[in-house]
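Presented below is the structure to which this report refers.
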2 protein chains.
Amino acid sequence: MASDHSLELYTLKAELCKSFADPRRQMLIDALRKGESTVGNLARALEIPQAVVSRHLAILRERGVASARREGTNVYYSLSDPKIGEACDMMHQILLGQVEKNKELAERLIA
Amino acid sequence: MASDHSLELYTLKAELCKSFADPRRQMLIDALRKGESTVGNLARALEIPQAVVSRHLAILRERGVASARREGTNVYYSLSDPKIGEACDMMHQILLGQVEKNKELAERLIA
DNA sequence: TCTATATATCTATATATTTATATCTTTATA
DNA sequence: TATAAAGATATAAATATATAGATATATAGA
């Protein structure tokens, strides 16, 4: 029935969001927006242990957010879809809106 | 320093995403897009126990995603920002893109 | 007191991190 | 060619922490 399908869809959406729901993965996604990069380069640039970067990239890969391409001993990761970057921008805008609201609230409280 | 601020920002974004990262909350957000609603109505409509709905709404409220307004014994919840709905639409589009890719892959494998 | 909502406690499950080790690929060398 | 060493990445095990759901109970307002 319809509600079952919906539940599946909601679950998929939730899992997609879950893949964004970690600070390190946010950093990785942001870094990958500038172009593909290797595990090692990301680890050095973001100052995150290699195993942690590899683990998080695997999560992004498993959820279809990132893609991997091997070249020699290196593995290059990239975002699977530019919309992923746009989604992060949207999160940013929502956060800005929240700050704005708090600012308004603060100003009203002071006045 | 800059990297600390960034970490904070990434953490905020991650927490925002975390608030979206549950099927029930996806359902609640989707329901709230149609307009404000009470805890009880949402619980009945979505067939989720009252305590669970209340809990999830509290999470959305704490993270600034939803707002609450009391009217008598009822509490009306609503989305704090229409951009939240748009963010969900974007997730939907990303999912569609993934399905599309899988379809292409499947067709290539068959051929 | 009744209704609607929130919360506390308990339990089960999921998640992230650390450390160590395994795998895969290239390169060097006997 | 076979093999060993080195570099890059992935994975496993252990631990700590976070999260969700169920049930019962507390709180707020009519």
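Order of the sequence lines fixes the chain letters, A, B, ..., with proteins taken first and strands second; residue numbering starts at 1 for each chain.
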In whole angstrom, give the distance that lies between atom [atom1] of [X] and atom [atom2] of [N].
X       : N      : atom1 : atom2 : result
B:Asp22 : D:dT19 : CG    : C1'   : 9 Å
A:Glu15 : D:dA20 : CD    : P     : 13 Å
B:Leu42 : C:dA4  : CG    : P     : 14 Å
A:Phe20 : C:dT15 : CZ    : C1'   : 18 Å
A:Glu36 : D:dT9  : CD    : P     : 12 Å
B:Asn74 : D:dG29 : CG    : P     : 13 Å
B:Asn41 : C:dA4  : CG    : P     : 10 Å
B:Glu71 : C:dT3  : CD    : P     : 19 Å

May I ask you to decide if B:Lys18's main-chain N or O and B:Arg25's side chain share a donor-acceptor pair within less than 3.5 Å?
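Side chain of B:Arg25 to backbone of B:Lys18, a donor-acceptor pair under 3.5 Å: yes, one is there.
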Say whether, by atom type as modelled, one donor and one acceptor occur between the side chain of A:Lys83 and the main chain of B:Met91 under 3.5 angstrom.
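No; judged by distance alone, with no hydrogens or angles, the pair does not exist.
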Presence of A:Tyr77 side-chain N/O under 4.0 Å of D:dA10 phosphate oxygens OP1/OP2:
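It does, given that an N or O in the side chain of A:Tyr77 lies less than 4.0 Å from OP1 or OP2 of D:dA10.
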Between A:His56 and A:Arg24: side-chain donor-acceptor atoms closer than 3.5 Å
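No, no side-chain donor-acceptor contact under 3.5 Å.
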Under 3.5 Å side-chain donor-acceptor pair for B:Ser78 and B:Ser67:
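Distance-only check fails for B:Ser78 and B:Ser67.
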My validator wants the stems of DNA chain D: runs of 3 or more consecutive Watson-Crick or G-U pairs, both distances under 3.5 Å, written as range with range.
C:1-30 with D:1-30
If you count heavy atoms of other groups shown closer than 6.0 angstrom to CD of B:Glu47, is the number above 12?
no
DNA chain C nearest-nucleotide lookup for A:Arg70 and B:Val75: closer to the 5′ end is B:Val75
Between A:Cys17 and B:Gln26, which heavy-atom pair has the shortest distance, and what is it?
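That closest heavy-atom pairing would be SG-NE2, 3.6 Å.
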Strictly below 4.0 Å, heavy-atom distances to any atom of DNA chain D: list the hits from residues 49-68 of chain A, or just say none.
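Residues of residues 49-68 of chain A under 4.0 Å from DNA chain D: A:Gln50, A:Ala51, A:Ser54.
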Could you note down all residue pairs passing salt bridge (charged side-chain N to carboxylate O under 4.0 Å, His left out) where residues 50-69 of chain A supplies at least one of them, sequence neighbours left out?
A:Glu36-A:Arg69, A:Arg69-A:Glu71
Please pick, from C:dA16, D:dA10, C:dT3, the nucleotide with the shortest atom-to-atom distance to any side-chain atom of B:Thr73.
C:dT3
Is a salt bridge present between B:Asp89 and A:Lys13, judged by a nitrogen-to-oxygen distance below 4.0 Å?
no
Rounded at 0.5 Å granularity, tell me how far CG in B:Asn102 sits from CD in B:Glu100.
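Taking CG in B:Asn102 and CD in B:Glu100, the distance rounds to 9.5 Å.
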